[in-house]
Protein chains: 2
Amino acid sequence: MTAEAEARGRILAVARRLFFAHGFGRVTMDEIASELAMSKKTLYRHFASKEDLCEAVIDAAFTAIDAELAAALDDVRLGFEDKLDRFMRIVAAGYEEARGPLLTDLHRDAPSLWARVDAWRSKVVHTRTRALFAAGKRAGVFRPDVPEDLVVRLVIGNAQNILRPDVLAALGLSFPEAFAHCKAVLLDGVRARPCNGGRGAAH
Amino acid sequence: MTAEAEARGRILAVARRLFFAHGFGRVTMDEIASELAMSKKTLYRHFASKEDLCEAVIDAAFTAIDAELAAALDDVRLGFEDKLDRFMRIVAAGYEEARGPLLTDLHRDAPSLWARVDAWRSKVVHTRTRALFAAGKRAGVFRPDVPEDLVVRLVIGNAQNILRPDVLAALGLSFPEAFAHCKAVLLDGVRARPCNGGRGAAH
DNA sequence: AACTCAGGAAACTTTATCGGTTTCCTCGGT
DNA sequence: ACCGAGGAAACCGATAAAGTTTCCTGAGTT
């Protein structure tokens, strides 16, 4: 790896963290440069503009998510429930990419970048998760009366909204505990089962 | 009602819509005054500052939501499922209050207002929804192994993320259809039931 | 008619912000 | 010594917006 590629990689990592946490307009190039202990001049030698930097961040992030989801989907050793498990984990880990301040900001400040994220989301996260549920339906594992697209949004929304450090802290749950609960409710709902022995234990 | 109270009410209504849709920092007093066909001078005669206006908006909004949730919770003619139904509808209608650009903005630009919203959310939405689930658990209607606080977040998150005009349009579903699906998944999950005739119909 | 007050439109004041550019300087390599 | 990379920070230009004030009009009252 060349020095330039290494520097570029560091820039992307810092920019990714800041943009996804705080949005596009709220993160200054001064701030990014400062955190990298780098002058703005150098930063601009790697990326021609703030938008160029953000675009590179978006592309890198979603390319990685796509690879992870594809690997899970194609893993023949996994059943549907395990695949769902993997999907939720991937989405929870990448939650900041699919929601949050960056999208809100881009919608206003850089519409073309917003469109880019939206396209990636649609192409990667929704499409692969939908494929999982469609296959599960055909295999008779998932109920046939609920549209896949809606379930996709439930999966993604629940993973994002709950499997986050701040929410886990508020709930007083560990990640594995919360994860198990989310999955249980997603698979079997909140209705009590009078004949279901597997759920008798008091929480 | 006096002319002042009437004007004040109009201001609150417009400010509420704009703040909740676009956030605090992105909505200017010029914009609010313009939409009201009012001069900024007059606007400032009713509210001393932008923050004062936003604070009044927040308080009015959550007071209304609280009243609605309390009415649903205390309605002895409703069973748990109907109460859940009502809660989801109230939350979906008020989704912009509980999430969205306003919160993100306030966290940064007006921390004391952010804390105010957070306190209201905790006090009103979470507390009443949690009471519903706790009662449902005691009555044996809801499963005992999932913490109420987590379910509360699932209910609220699902209502907010899906029961919105843009998402409904993308899904090609009407509000009643999407609502029914969300409720079905929340109550009974996505797992197929081999012996459940009530779900045999293809979507 | 003259005066007063309310209130709209818009100019004004003040302050702050930030993307992108340039200057000054130091250090390492040749 | 010279050159180039790069950090710190000043600079430039443009923009934005909260809050204040001016100019003007219309309605009501005396």
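Residue numbers begin at 1 in each chain, while the letters A, B, ... track the order of the sequences.
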Whole-Å gap separating P (C/dG20) and CG (A/Leu53):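 Nearest whole value for this atom pair: 10 Å.
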Whole-Å gap separating P (D/dA17) and CG (B/Leu43):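 Spelled out: CG on B/Leu43 to P on D/dA17 is 15 Å.
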Does one side chain, of A/Ser174 or A/Glu177, offer a donor that lies under 3.5 Å from an acceptor on the other?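 A/Glu177 and A/Ser174 do have a side-chain donor-acceptor pair below 3.5 Å.
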Taking [X] first and then [Y], would you say they form a salt bridge - that is, a charged N and a carboxylate O separated by under 4.0 Å?
| X | Y | value |
| --- | --- | --- |
| B/Asp85 | B/Lys183 | yes |
| A/Arg143 | B/Asp188 | no |
| A/Lys123 | A/Asp66 | no |
| B/Glu4 | B/Arg45 | no |

Ring-plane angle category for B/Phe19 and B/Phe24, please: parallel below 30°, perpendicular beyond 60°, tilted otherwise.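 Correct class here is tilted.
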If only atom types and distance count, is the side chain of B/Lys83 paired as donor or acceptor with the main-chain N or O of B/Phe133 below 3.5 Å?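 No; zero donor-acceptor contacts below 3.5 Å.
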List for me each residue that meets side-chain contact (heavy atoms from CB on, under 4.5 Å) alongside B/Arg130, sequence neighbours excluded, and say none if there are none.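 side-chain contact (heavy atoms from CB on, under 4.5 Å) check on B/Arg130 returns B/His126, B/Thr127, B/Glu148, B/Asp149, B/Val152.
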Contacts under 3.5 Å, N or O only, protein and nucleotides 5-7 of chain C:
{"from": "C/dG7", "atom 1": "OP2", "to": "B/Arg45", "atom 2": "NH1", "distance (Å)": "2.5"}
{"from": "C/dG7", "atom 1": "OP2", "to": "B/Arg45", "atom 2": "NH2", "distance (Å)": "3.2"}
{"from": "C/dG7", "atom 1": "N7", "to": "B/Lys41", "atom 2": "NZ", "distance (Å)": "3.3"}

Could you run down the sub-3.5 Å N/O contacts of the protein with nucleotides 12-19 of chain C?
{"from": "C/dG19", "atom 1": "OP1", "to": "A/Lys50", "atom 2": "NZ", "distance (Å)": "2.8"}
{"from": "C/dG19", "atom 1": "OP2", "to": "A/Met29", "atom 2": "N", "distance (Å)": "3.2"}

